[in-house]
Student: 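Here's a structure for you.
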Amino acid sequence: MPSLEKSIRRRRELLTALLDLGRSPFLKLGKTERGVAALGLGTYGAHAFKPQNPTYKEVWHTASLYHLVHTAALVAAPVTKRPNIFGGLLTTGIVAFSGTCYTVALLEDRKYSTLAPFGGFAFIAAWASLLF
């Protein structure tokens with residue numbers, strides 16, 4: 001019986017977390033806006049972005065892919081053990097990695113790529129935080 005009560009309690013906690021999605025500061029800061037930005041930037045890159053060097057189109061595509069995937073992952077942040085750590089690291093990764101890649105592609109200059117590794121590390125750390 002104690003394991004049944006523990007299971008029921010855990011299910012209630014998960015249900016409560018799902019119902020309180022709006023309480024997470026990372027989702028309050030604009031879950032919809034981030035998704036719209038990811039889709040809009042991806043659409044711009046696919047249809048309107050015409051760099052002189054085609055390599056930068058691939059950089060833009062990578063930025064928009066990581067932006068969209070990790071924005072979608074933010075929806076799950078409230079149901080993780082440490083939502084602020086997971087959400088904060090994902091947000092940092094989106095800004096540092098995707099933002100840097102967008103800048104590099106738009107300006108067609110790799111000298112602005114110094115923050116991208118930190119963004120990649122933030123993504124890795126966010127996913128690793130789910131293990132603990």
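In this chain, residues are counted from 1 in sequence order.
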Student: Taking all non-hydrogen atoms of both residues into account, name the closest pair between Ser129 and Phe86 and its distance.
Tutor: OG-CD1, 3.8 Å
Student: Where do Ala96 and Gly119 come nearest, in terms of heavy atoms and distance?
Tutor: CB-CA, 3.5 Å
Student: For the pair Lys57 (side chain) and Gly45 (backbone), establish whether a donor and an acceptor sit closer than 3.5 Å, ignoring hydrogens and angles.
Tutor: yes
Student: When you measure from the side chain of Arg82 to the backbone N and O of Phe132, does any donor-acceptor pair fall under 3.5 Å?
Tutor: yes
Student: Do the rings of His70 and Phe123 sit parallel, tilted or perpendicular, given the 30° and 60° boundaries?
Tutor: parallel
Student: Under the ring-ring contact (aromatic ring centres under 6.0 Å, His included) rule, collect the residues that match up with Tyr102, sequence neighbours excluded.
Tutor: Trp60, His67
Student: Taking all heavy atoms of Thr71 and all of Gly35, pick out the closest pair and write down the distance.
Tutor: CG2-N, 3.6 Å
Student: For the pair Thr55 and Arg110, evaluate side-chain contact (heavy atoms from CB on, under 4.5 Å) and give the outcome as yes or no after the intermediate values.
Tutor: CA-CA 11 Å; Thr55 303; Arg110 291 199 182 266; 3.5 Å; yes
Student: To the nearest 0.5 angstrom, please state how far the CG atom of Leu68 sits from the CG atom of Leu39.
Tutor: 5.5 Å
Student: Does Gly42 offer a backbone N or O that forms a donor-acceptor pair with the side chain of Ser64 under 3.5 Å?
Tutor: no
Student: If every non-hydrogen atom of Pro51 is compared with every non-hydrogen atom of Tyr56, which pair is closest and at what distance?
Tutor: CB-CB, 4.0 Å
Student: Which value, rounded to the nearest 0.5 Å, describes the distance between His61 atom NE2 and Leu41 atom CG?
Tutor: 13.5 Å
Student: Write down the atom of Ala77, the atom of Pro83, and the distance for their closest heavy-atom approach.
Tutor: O-CB, 3.0 Å
Student: Please examine the side chains of Ile94 and Leu74, heavy atoms only from C-beta on, and report whether any two atoms are closer than 4.5 Å.
Tutor: yes
Student: Kindly work out whether a path of hydrophobic side-chain contacts (I/L/V/M/F/W/Y, heavy atoms less than 4.5 Å apart) joins Leu65 to Val104.
Tutor: no
Student: Using atom types as modelled and distance alone, determine if a side-chain donor or acceptor of Glu108 lies under 3.5 Å from a backbone N or O of Gln52.
Tutor: yes
Student: List the atom of Ala105, the atom of Val59, and the distance in Å for their closest heavy-atom pair.
Tutor: CB-CG1, 4.1 Å
Student: How many angstroms lie between CG in Leu89 and CG in Leu130, if you round to the nearest 0.5 Å?
Tutor: 10.0 Å
Student: What distance separates Leu115 CG from Cys101 SG, expressed to the nearest 0.5 Å?
Tutor: 10.5 Å
Student: Taking atom CZ as the centre, does Phe121 end up with more than 12 heavy-atom neighbours from other residues, nucleotides or ligands that are less than 6.0 angstrom away?
Tutor: no
Student: Flag the pair Phe118 / Thr100 as yes when at least one side-chain heavy-atom distance between them is below 4.5 Å, and no otherwise.
Tutor: no
